[in-house]
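Some notes on the structure that comes next.
First the proteins, then the strands, lettered A, B, ... as listed; each starts at 1.
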Amino acid sequence: MAKESRYWLVKTEPDCFSIQDLAKAPKRTTCWSGVRNYQARNFMRDDMKLGDQVLIYHSSCNPPAVVGVAKVSREAYPDHTSWDPNDDHFDPQSTKENPRWFMVDLQLERIFKEPIPLDRLRKIPALKDMELLRRGSRLSVQPVRKAEFETIEQIAEG
DNA sequence: GCCAACGTTGGC
DNA sequence: GCCAACGTTGGC
């Protein structure tokens with residue numbers, strides 16, 4: 001499924017980096033650094049392609065919600081924050097010769113007029129199999145099915 | 001390769 | 001702040 005996915009969802013804590021921060025970034029673009037989970041890394045490194053659409057999700061906030069859409073503007077390259085001893089995401093086992101962690105660049109497409117909160121997503125039958133809604137789901141980069149993406153877009157457009 | 005201990009995520 | 005669920009680590 002991941003191999004064919006052209007739609008994704010990434011989580012971010014808005015206290016740390018929000019979609020509004022992305023809107024203010026140069027070229028409305030950011031490198032998605034700091035992912036330190038192998039499954040999430042593999043999706044970024046192996047499967048995310050230029051132009052793929054990415055739902056932005058705000059987590060650890062009230063309410064947690066899907067807040068907008070970005071697109072992949074650069075495919076995977078090594079996450080340099082893993083080499084910086086002063087960075088929170090430093091990993092001494094990642095080297096420039098053999099990088100362990102990767103990231104993509106994301107460019108903002110649009111911010112939803114109304115964020116779609118988690119409890120609302122849970123009530124939508126078409127989304128019942130979303131990874132995000134799975135009990136205990138913690139993946140910070142995850143594939144989204146086309147139909148799920150389109151359902152969310154329709155809701156966001158009112 | 002098993003699994004207990006530990007650390008992290010993230011909703012509530 | 002709590003805690004369930006999950007991922008990683010490391011001893012054996």
Side-chain angles (χ1 to χ4, degrees), chain A residues 1-3 5 7-25 30-48 52-70 72 76-106 108-145 147-149 151-156:
Chain A
M1 136 115 203
K3 294 280 182 237
S5 182
Y7 303 93
W8 307 91
L9 179 146
V10 297
K11 299 178 183 176
T12 183
E13 299 188 14
D15 289 347
C16 175
F17 186 85
S18 69
I19 198 167
Q20 288 76 20
D21 294 328
L22 179 55
K24 289 181 223 146
T30 188
C31 59
W32 208 254
S33 64
V35 171
R36 294 295 179 267
N37 168 282
Y38 289 106
Q39 206 180 343
R41 177 205 67 181
N42 292 349
F43 284 138
M44 287 201 295
R45 187 191 59 188
D46 305 334
D47 299 324
M48 284 177 102
D52 284 2
Q53 292 193 275
V54 183
L55 296 167
I56 306 289
Y57 176 78
H58 281 175
S59 68
S60 293
C61 58
N62 195 7
V66 177
V67 293
V69 180
V72 176
Y77 59 109
D79 179 346
H80 57 79
T81 66
S82 71
W83 302 325
D84 178 358
N86 296 316
D87 194 282
D88 285 346
H89 301 288
F90 175 59
D91 179 354
Q93 305 209 65
S94 178
T95 64
K96 293 192 182 183
E97 295 70 32
N98 189 17
R100 173 179 287 196
W101 303 111
F102 289 79
M103 60 190 181
V104 297
D105 283 357
L106 296 182
L108 182 64
E109 293 260 278
R110 61 194 180 280
I111 298 179
F112 293 156
K113 282 183 208 122
E114 297 281 338
I116 309 173
L118 183 61
D119 60 358
R120 183 159 178 218
L121 295 174
R122 287 197 190 285
K123 288 176 191 156
I124 300 165
L127 301 181
K128 68 177 171 49
D129 293 327
M130 266 191 93
E131 167 67 22
L132 180 72
L133 306 183
R134 234 192 60 235
R135 176 179 167 80
S137 169
R138 286 170 38 178
L139 254 186
S140 63
V141 176
Q142 54 183 256
V144 172
R145 294 173 189 85
E148 294 164 345
F149 184 89
T151 298
I152 288 173
E153 266 194 319
Q154 280 175 14
I155 294 166

If you compare all heavy atoms of Ser94(A) against all heavy atoms of Arg100(A), which two are closest, and at what distance to 0.1 Å?
OG-N, 3.0 Å
Whole-Å distance, Phe43(A) CZ to dG7(C) P, equals 12 Å
Round to the nearest Å and state the distance from Asp88(A) atom CG to dT9(B) atom P.
11 Å
Quick one: Arg41(A) CZ to dT8(C) C1', roughly how many Å, whole number?
14 Å
For a quick test of reading the model: is some side-chain N or O of Lys11(A) closer than 4.0 Å to OP1 or OP2 of dT9(B)?
no
Starting at atom CD of Gln39(A), determine the distance to atom P of dC6(C), rounded to an integer number of angstrom.
12 Å
Do Ile152(A) and Leu121(A) have side-chain heavy atoms sitting under 4.5 Å apart?
yes
In whole angstroms, how far is the P atom of dT8(C) from the OH atom of Tyr38(A)?
7 Å
Without decimals, in angstroms, what is the distance between Arg138(A) CZ and dA4(C) C1'?
10 Å
May I ask you to decide if the ring planes of Tyr7(A) and Phe149(A) are parallel, tilted or perpendicular, using 30° and 60° as cut-offs?
tilted
Per atom distances to the Ser60(A) side chain, the nearest of dC12(B), dC6(C), dG10(B) is dG10(B)
Spacing of Asp15(A) atom CG relative to dT9(B) atom C1', expressed in whole Å:
15 Å
Say you draw a straight line from CE of Met103(A) to NE2 of His80(A); how long is it, rounded to the nearest 0.5 Å?
4.0 Å
Specify the separation, in whole Å, of atom CG of Leu139(A) and atom P of dG10(B).
9 Å
